[in-house]
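Working notes, structure below.
Letters go in sequence order (proteins before strands), and every chain restarts at 1.
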Amino acid sequence: MGLLSRKVTCNSHGQDSSYFLGWQEYEKNPYDEVKNPKGIIQMGLAENQLCFDLLESWLAKNPDAVSFKREEQSIFKELALFQDYHGLPAFKKALVDFMAEIRGNKVSFDTDYLVLTAGATSANETLMFCLAEKGDAILLPTPYYPGFDRDLKWRTGVEIVSIQCSSSNGFQITESALEAAYQEAQRKNLRVKGVLVTNPSNPLGTTMSRNELDLLVNFVTDKEIHLISDEIYSGTVFSSPAFVSIMEVLKDRKLENTQVWERVHVVYSLSKDLGLPGFRVGAIYSNDPIVVAAATKMSSFGLVSSQTQYLLSAMLSDKKFTKEYISKNHKRLQKRQNKLVSGLEKAGISCLESNAGLFCWVDMRHLLSSNTFEAEMELWKRIVYDVKLNISPGSSCHCTEPGWFRVCFANMSEDTLKLAMQRLKSFVSSITIDNQTHQDLKNMRKKNRTKWVFRLSFQSFHDREQGER
Amino acid sequence: MGLLSRKATCNTHGQDSSYFLGWQEYKKNPYNEVNNPNGIIQMGLAENQLCLDLLEPWLMKNPDALGLKRDGISIFKELALFQDYNGFPAFKRALVDFMGEIRGNKVSFDPNHVVLTAGATSANETLMFCLADQGDAFLLPTPYYPGFDRDLRWRTGVEIVPIHCTSSNGFKVTLPAIEQAHRQAQKRKLRVKGVLITNPSNPLGTTMARDELDLLINFIEDKQIHLISDEIYAGTVFTSPSFVSVMEVLKDRNLDQTQVWERVHIVYSLSKDLGLPGFRVGAIYSNDPVVVSAAIKMSSFGLVSSQTQYLLSAMLFDKKFTKEYMSENHKRLQKQQKDLVSGLEKAGIRCLDSNAGLFCWVDMRHLLKSNTFEAEMELWQKIVYHVKINISPGSSCHCIEPGWFRVCFANMLESTLKLAIQRLKSFVSSIAMKSQSHQELKSLRRKARNNWVSRLSLQSFYDREQDTTTEVSFSYRPHFMSLSNIAATLDAAA
């Protein structure tokens, strides 16, 4: 008899993927400006480190928020005992206001439909437990966040079927791709329970167009399935087009109080917008009261610390602060993204045009030795071990085209980004020379096989090559 | 096609049980000394509110811990970014030291074998996911914490098979009971993956005897299954016998480095000992590195806030403080438990002899109309709605004997406890009176059916009763009722 569960002995946690392996390599040899200037620069971690100064100055001005005080009175006991899975009311109020603000107040959220969870990781898994049985399937557009393989599938037994997107149209979702995915699931005898999209997209860094969102609403209406919109990056939209939430589309199409309304669920978190992944603050927003009720009970398995709820309720209730923060956050993200994009350009590398997120979706297809995932892995290893940059290969995000990489820009100083760009530039130049030499070598070999009459031409060709080097 | 999962629409979350319903009633009408003195007193919530006043001064003396500073310098950024599921090293170190201290330092724990989780709720569910597959079973001694029905079974699909314990031996676990449970599981075609005990026990408030622990170890060794020891109340042992952890027994029997060693896992939390359920701090401790590794990955679904890890690492590192705290905690728990026990005694109610926990296991079998769970429910409803005390009926804890109730004592002021006891005392007296009157009324009716010769006796009986009644009415004036009134009431209640 197996002593441990199948979950433990199998591999569905997905943590043997390159996404996590690159991370491990980085941890063995992490870059440090002073102590380890030749170490690996971490560009595989989607963290927002650009606005901590704003948060710290707010904390300095609002000491009550961390010292368990409300208007100078201690509320320590109240917080120490507060384990109500309905969440701290003041925090939920502040959070829904913040979510609305991020959406330009074009939609509003009701605290009764909000469920707090220990991070979006917990929120996504909980939604799977609520909406699907073991063996059911969820459709996800590729490329997608590698963590979903663990979060959505591991303990739930739910399967993921890819909606394949390609560079031919900027990786946008198409109706035919949706249909193809649905049919693929049926071929595998999997019952499709819904579609999960990340909007803005990880790893693309783009917001979904209204057209795509309409397509999705029509699709889930037609198939009578769920739509989960993971909007964890909604506060990182730094340039146009403006963010359009799925809720806004439903509202504009007057679909509230229709069946599809109750099948749309939003996931949120403060890990990306506020840069607070350590505090474990996530949320599910659902229009279906049964889902809310079930998810609320399930949140017992991952509640947010009351100490943290209190701190953040104070912070997010400060509307002057949140307004300033959102604005500065956008400016800084935009500036940093521009630096990455132009730095890559100088290295002859282009990115998918993006307006959000903490990363760019980088096109390195021209650097592959062949249009294969083996070549992508080869390139990735060189970048990690030789160039000493940890970036995420597209295959770890289930991209169907080899050669794309996710490169993060918001988790380092400007100087470090500059250095990373320099290293990449040198690397690309060396590859170009290598490729050129390789090309010449191939030509040489081809010519050698012909008759001695051409040996004279060959000799002069060879002389020319040596001159250019 | 069902739109939602079966988990979302079924009842396995167990939250329709009386345990939670009583809680809901309390919320509708909560007692407050000033604002709502006739409200329901909450005695169904196992919280430790007796020592929060010791924590506050510590916080005031250690502003850095709250203010996210180290030596006066802000470490906000470091903490804000810290989401490593291996846990904050300083916190794990402080936690294992604290766990060792609670066990009189007779065992020590290795931080590399600790997995931090958002509360013991998360720890227990995670262990199920690691050790069992859907349809497997764990054996649990009854009575047990009602929350286990949700925590161990709901999303995991694991079954619980009870090991029935009875009052005949103080609800101790016996070999025949364990074996009977194992056979029962097999009859139901369930593969038993392990045994889960809570030690000290909830709801009994007792620590497990060494021979019970030996029994369990022998059993799991023999069956080659797991043993989970939920030691969430380890720090609430306020009187002898002292707490013996299963780890101590394994060590004493030189079983470290044997197969069974890797099949024993401990669950812990700071919700009961430190009274911090809001902070969501739990832990799994396992000697099996494969379990540790899997549980760590799974803890991604319920990590402890780094802000909280930092605060508590500072607090638990202060060994002078933890020593003082634990000592005072024990004293206050012991006193409050004594107050409850003696108060209940005055009401003619006994408890299981207990030395730990935040509650007593109370014997109200003599107050039941009949030895049935229906009668237990009836009694419980009276206590909640009329006496206005929320307590937990034994049936919600899967006890097989009707009439036992869990009554919490550590979540209220001494004055509130006094009031609760008074209310209970009045209630018990009124039941006693009613029973007596009921008994007398039954006799009366029997006699009335006899021939006229007895009528004279009835008359004299009635006269006698009235005298008695009158006597009674002087002592219990508020409860005086004429015989006919009593009869009417009893008829109505029947």
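Scanning both residues, B:A80 and A:F279, for their nearest heavy atoms gives CA-CE1, 4.0 Å. Nearest heavy atoms, A:Y310 versus A:D64: CE2-O, 3.8 Å.
When each of A:S67, A:A294, A:S271, A:P277 is checked for heavy-atom pairs under 4.5 Å with chain B, A:P277 comes out on top. Ranked by heavy-atom pairs under 4.5 Å with chain B, the list A:C130, A:G302, A:G282, A:A132 is led by A:C130. With chain A as partner, the option from B:P63, B:G119, B:G278 having the largest number of non-hydrogen pairs under 4.5 angstrom is B:G278. Taking chain B as the reference chain and counting heavy-atom pairs below 4.5 Å, the highest number among A:Q83, A:R155, A:K77, A:Q49 is found for A:R155. Most heavy-atom pairs under 4.5 Å with chain A: of the set B:L68, B:N124, B:D151, B:D288, this distinction falls to B:D151. Most heavy-atom pairs under 4.5 Å with chain A, from the set B:S122, B:S306, B:A294, B:C130: that is B:C130. Between chain B and the residues A:R280, A:M128, A:E78, A:E133, the most heavy-atom pairs under 4.5 angstrom are made by A:E133. Note: B:L55 leads B:D136, B:L55, B:D53 in heavy-atom pairs under 4.5 Å with chain A. Per-residue heavy-atom pair counts under 4.5 Å with chain A were compared for B:T126, B:T121, B:L81, B:L274, and the maximum is reached by B:L81. Heavy-atom pairs under 4.5 Å with chain A were tallied for B:G157, B:A132, B:A118, B:S293; the largest tally goes to B:A132.
Panel note: side chain A:D136, backbone A:I138; no donor-acceptor pair is recorded below 3.5 Å. For the pair B:H226 (side chain) and A:L3 (backbone), a donor-acceptor distance under 3.5 Å is present. Judged by distance alone, the side chain of A:N62 and the main-chain N or O of A:W58 form a donor-acceptor pair under 3.5 Å. Side chain of A:Y325 to main chain of A:D273: a donor-acceptor pair is present (N/O by atom type, distance under 3.5 Å, no hydrogens or angles).
Defined by atom type and a distance below 3.5 Å, a donor-acceptor pair is missing between the side-chain atoms of A:S305 and B:S305.
Looking at A:Q307, both its backbone and its side chain come within 4.5 Å of chain B, counting heavy atoms on both sides. Interface remark: A:D151 contributes backbone and side-chain atoms alike to the contact with chain B (heavy atom separation under 4.5 Å). Proximity to chain A (any heavy atom under 4.5 Å) is restricted, for B:L59, to the side chain, taken from C-beta onward. With a 4.5 angstrom heavy-atom cutoff, B:N411 does not touch chain A via any of its atoms. Contacts between A:V304 and chain B at a heavy-atom distance below 4.5 Å involve the backbone alone (N, CA, C, O). In this structure, no portion of A:L88 lies under 4.5 Å from any heavy atom of chain B. Proximity to chain B is limited to the side chain of A:L311, based on heavy atoms less than 4.5 angstrom apart. If you measure heavy-atom distances from B:M60 to chain A, you find no contacts under 4.5 Å at all. For B:Q309, no part sits under 4.5 Å from any heavy atom of chain A, backbone or side chain.
A:F148 is not listed as a side-chain neighbour of A:K153, based on a closest heavy-atom distance of 4.5 Å or more. Annotation: side chain of A:L358 is not in contact with side chain of A:C408 (no heavy-atom distance under 4.5 Å). Using a 4.5 Å cut-off on side-chain heavy atoms (C-beta onward), A:S286 and A:V292 make contact.
Checked against a 6.0 Å centroid threshold, the rings of B:F88 and B:F82 count as neighbours.
Only one option out of A:R263, A:K193, A:H265 pairs with A:H226 in a side chain to side chain donor-acceptor pair (under 3.5 Å); it is A:H265.
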